[in-house]
Structure formats: C-alpha cells, structure tokens
Amino acid sequence: MPDFQLYNSLTREIEPFAPADGHTVRFYACGPTVYNPAHLGNFRTFLFEDLLRRVLRMRGWSVEQVMNLTDVDDKIIKRATEQHKTIRQVTDPVIVTFHADREYLRIQRAEHYPRATDFIPQMIDLVSRLEAKGVAYKAEDGSVYFAIDKFPGYGKLSQLDTREIRAGARVAQDDYAKENAQDFALWKAAKPEDEASEAVWDSPWGRGRPGWHLECSAMAMSILGETIDLHAGGIDLVFPHHDDEIAQSEAATGKPFARFWCHGEFLLTDGAKMAKRVGNVSNVSDLRANGVSAAALRHFMFSTHYRKQLNLSGEALEGSIEAVRRVGDFAERLERERGGTSALAEAAETLLVESTTAFGDDLNAPRAMGAMFEFITAANRELDKRGTDAEALARAREAFRQVNAVFDVIPERVVEDAALSRWVESQLAARTAARQRRDFAEADAVRKALEEKGIAIEDSPSGTRWKKVR
RNA sequence: GGCGCCGUGGCCAAGUGGUAAGGCAGGAGACUGCAAAUCUCCCAUCGUCGGUUCGAUUCCGACCGGCGCCUCCA
C-alpha cells in the first residue's frame, strides 16, 4: 500500500497517517446543531468526512466514528421558547430530517450519534476534574468558566498566541463576570427560559446547562478514549471551538486529545459563505426539487479538494449532472458486456494505482476523479472492440467498483413502475416493427411520443435500450 | 488591525522548475435510416508587474482582485 497522508491542522503540514493501534481509526466528527435542517454548506463538511471515512476503510482500516448531535444551545432554546416547546420537542424532528438527508446523500452511517443531552453526567464529571485541577472557576454570575491562562499553549490550533485581538473589536458583551475576556463557559447558570424549555440539569454548581464546547470533549473521550486518532469539522470550528476542546480535554487528562485535526473548507454561494445569517442557504430538499441527484451533488462536492473553497453554481451543478450520467451509463455497460481486452485490464490496473495514490495524498478527490474518467474513456474504447477476455472484464468491474465505493456517484435508477414499463416495451416493439419495414416516420413518431413521457431510447446492435431521464 | 486561503481555457478543476490531468459546454469526423450513446481529433501558456534561474504557471517580492477566521457558525 502506498503512503496515506493527511494535512494536520495542528502542525499545518501534510503528515503520514495511521491509527494509533494499527487497525481501528477513532474518528470524531463535529455534527449538526439540530434546530433547523442542515444546509448544503453543512453537508459539504459531512460529505468530506464521508469521503475520509470511505478512504480510510479502503485502506483496510476499520473506522469507529462518532458524530455528535448538538441538541441544547442558545438557538435551540430560543426556538423552543418562541414555540412554547421543550428543546426535545424542537430537536427530535430535526434529527429525523438530518438522517433522512444524510441517507439521501449516501453518507455512510457513523457508529455513534450521541446527543449532548444524553451525556450530561459525563460533562459534569469533566468540569469537576477541571475544577479539581484549578483550571475552572465559578464566577459571580453562577456559571463555570475555563481559565485559559492556566492552560499553557492555549490557542495552539488556531495560532492564537501569535495574533492580537483587535482592540475594542467584537468581544462578547457579557464578559464582566469572567476573569479573562477569552475564558469560555463550561457550565452556564440556568435562566428562566432554560427552565421553561427543559434545558436545565442539576449540577454541583447549581442548575444550568453545558457550554457548547464541553459536549464534544466529553462524548469523544467517553466513547473513543482520551486520545483519539482524528477529529474533523468545518474550518470555522478551528477557533474557538476546537481550541477550547483541546484546552478542556488536555487540561483534564494531561494527554493529547486528538492526533490529527482535519478541517473542510466552506461552500460558497454567490461568492459568499453559505450561512443562514447571510440568507443564501439551500438544503437537500431544494436540491431534490430541482432534480439534482445525490450522485450529482457528490460529484460536485468531490470535484474540488476539501481544503479549498467551493462555489455553488447552477452551471457547475449542470456539469456534475451530465458527468454523473456518463458514469451511470458506463456502469450499466460494464455489467452488460461479456468480455474485454488485455488493454482493458491494464486500464483497470492504472485506475487502481492512480486513485489509491490520489486518495492517499491528502484526499485528493479531484485527481482520483480524473483517473476514473480516464478509465471510463479507455474502457469504453476497449469495450467497443468486442473482446472476449472475461478475466480482463472482471478486473475492470472490480477496479471500478472499488473507486466507486469511495465516490458513490452512480445515479439512482429511476424507479420504474410496472405499468409504465409494459407501456414502454409495447411502444418499442411497435417501433422495432416499423423500423424493420423501414417505416422511419412511424419509428420516429414513437420515439417522440416516448420522449414526451421522459423516456430516452438508444438503438444498438443487440436491441433498443431505454431509460427514464426525468 | 491580526491570522489564513485563493486567483489555471466559456464553466468546474488537477498539477509540475523544463513548455499545462480530467469533467461540462463548443467545433469537426466515425458509427447510425435518423437520433442517442460511444470512439477519434480540435479548443488555455496558467491575475498583473518585477526578481531569482540556462529555463517559472510552478520559487521570491510588490500590486490588483476574491474569500474566510478573529463573535454563534460546517
């Protein structure tokens, strides 16, 4: 196996990666805050993590992945308060939607989807440990904060130590209770609206709720262990979220929290970060309504390296729709064929080498995608020669299967209902008869009628094939 | 103000110190009754200006343009 390298945000270098124990990658991915359906920007990150997961497995490692569901935070409480609901009543349906969208996009299921509210005891325990070590303190406002100046190296991930905070710039307003403006909340004292929406728990520091960063440390460590192999998320989480996770985890255990940190870049729309507050979000349901298949979206997302910003545009999406159509047609052809040539086997070997190398080079999906399309062209060319080498064909199928096991970009076949299928077959029989008596006007009329129903047909020496195109 | 990223053909995009993968779109041809699919061929000198070098898209500098983080955020 060639090297497998990943960019590590912690060192800002590309480094060889392997799980610490040699075979299971302990992988934590920051998941969604479930107060609203996740938008495509969120899903770009989840898709990047899906790609990473699949590549790790392709390398022969097993993966134990945790993706948290943040089901208690300011926005959730705000929504619950507005709707006179409990936070659970707000988050439950959103979680259902999240999984539906996730499955639609063919994002593999992680091993664990812990909800923050199910790990309150573990979080309280973590805060207690920090308090015992003298790095957490209870302030006058009743909340517990992490004292960043008690943790040497605070901000090492974002290189906070090398930068200055702009004087008078956007520093939170409610800081007066804290010893240091950048100290962050571990445990927030309860407010009336927290009680009303059932977002409070008893703790040694009084009733309250966990701070945002706390859940990830607590859940990652209790499920995966105190030092995990890989921690991933969107680039905006580097600071403060991930820096704070590092601080609270490492201050408690004295051990490195994560060996590798990987961050995916943003999805932009109209040249700006896709975000709810910018008002340029679109989600999976918008996509489905516009006829963009999961395969096409995956192709689109994987057409750019994960550490590069990607602009969502109709034109680019159109390109992906067409590209993926080609992949789908090829996949069907590969199943249909009976034999190949020695050059086909060589192309398969090239595909395997090229794609493995590309994936191993910091997840260079665009390059692997290029290799796949080069293979498709070469294979189509060889298949046109009507070879009889069954072994070569088997190798081509296997190589293609392996690469697609990572990309998963074959468009779903539109479900054909039996009645439609019978109707199409009868039309095609009539058309074939017309063609045989060289009544092409009739044959073309049939084709036109089928097209109006969204059925495209292709004549070939072995008969006429058809498919639903819309 | 601090930190960081990016700028390759109409659109998307990989890449290397020695004259630019791939996809979409477009053009020409083969195949086809016609289409479609498929195949073949064609289509860029890499933001600008300097510098280093035998040679730079690739290294350095400046500039221009775009984006992000520094506050909740994938």
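Naming convention: chains lettered A, B, ... in sequence-line order (proteins, then strands); numbering from 1 in each chain. In this text the structure is predicted, and so the values were computed from the model without any measurement. These values consider heavy atoms only, across backbone and side chains, with no hydrogens, waters or symmetry-generated copies.
As judged by a 4.0 angstrom heavy-atom cut-off over every strand, A/H263 is placed among residues making no nucleic acid contact. If you check every strand for non-hydrogen atoms under 4.0 Å, A/T377 touches sugar and phosphate atoms only. When heavy atoms are screened at a 4.0 angstrom cut-off, A/L383 is found touching no nucleic acid atom at all. Contact annotation for A/K276: no contact, since no heavy-atom pair falls under 4.0 Å across all strands. The residue A/E315 sits close only to the backbone: its heavy atoms come under 4.0 Å of sugar-phosphate atoms, none of a base. If you check every strand for non-hydrogen atoms under 4.0 Å, A/M274 touches a base. Contacts of A/D384 with the nucleic acid, taken as non-hydrogen atoms under 4.0 Å apart, involve only primed sugar atoms and P, OP1 or OP2. Contact annotation for A/R465: no contact, since no heavy-atom pair falls under 4.0 Å across all strands. Within the 4.0 angstrom heavy-atom criterion, no nucleotide atom of any strand lies near A/R437.
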Look for any protein N or O under 3.5 Å of an N or O in nucleotides 45-47 of chain B and output each such pair with its distance, or none.
none

Distances for protein N or O near nucleotides 25-30 of chain B N or O, under 3.5 Å:
none

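No side-chain donor-acceptor contact under 3.5 Å links A/E103 and A/H99. With hydrogens and angles left out, the side-chain atoms of A/D73 and A/T33 include no donor and acceptor closer than 3.5 Å. A donor and an acceptor atom, one from each side chain of A/E193 and A/S197, are nowhere located under 3.5 Å apart.
With distances taken from any side-chain atom of A/F266 to the nucleotides B/G23, B/C69, B/A14, the minimum falls on B/C69. The side chain of A/R435 lies closest to B/C34, out of B/C34, B/A14, B/A21. Which of B/A37, B/C39, B/A74 sits closest to the side chain of A/E458 comes down to B/A37. Residue A/T304 places its side chain closer to B/A13 than to any other of B/C72, B/G22, B/A13. Minimum atom distance to the side chain of A/R367 is reached by B/A14, of the listed B/G33, B/A14, B/G23.
Put simply, A/K273 has a side-chain N or O that comes within less than 4.0 Å of OP1 or OP2 on B/C69.
Aromatic rings of A/H242 and A/H213 (six-membered ring for Trp) have centroids beyond the 6.0 Å cut-off, not under it. Less than 6.0 angstrom separates the ring centroid of A/F359 from the ring centroid of A/F407.
Rounding to whole angstrom units, CZ of residue A/F300 and C1' of B/C11 are separated by 11 Å. Straight-line distance from the CG atom of A/D444 to the P atom of B/U32: 17 Å, rounded to whole Å. Regarding A/L334, its CG atom lies at a distance of 19 Å from the P atom of B/A37, rounded to whole Å.
Stacking between A/F440 and B/G33 is present: the aromatic ring centre lies within less than 5.5 angstrom of the base six-membered ring centre, and the two planes differ by under 30 degrees.
Side-chain contact between A/Q65 and A/H112 is absent, with no heavy atoms from C-beta onward closer than 4.5 Å.
Taking the ring axis of A/F46 as reference, the NZ or CZ atom of A/R102 does not stay both within 45° of it and closer than 6.0 Å to the ring centre. By the 6.0 Å and 45° rule, A/R288 stacks over the aromatic ring of A/Y104.
You'll find a donor-acceptor pair under 3.5 Å spanning the side chain of A/D459 and the base of B/C34, going by distance alone.
Dense packing is recorded around NZ of A/K385, with more than 12 heavy atoms of other residues, nucleotides or ligands lying under 6.0 Å away.
Screening residues 427-461 of chain A for ring-ring contact (aromatic ring centres under 6.0 Å, His included) gives no qualifying pairs among residues at least two apart or on separate chains.
Take the nearest nucleotide of RNA chain B for A/R431 and for A/L310: the residue whose nucleotide is more 5' is A/L310.
Ring orientation note: the planes of A/F184 and A/F146 are close to parallel, at an angle under 30° on the 30°/60° scale.
Both distances falling under 3.5 Å, in either a Watson-Crick or a G-U wobble arrangement, place B/G7 opposite B/C64.
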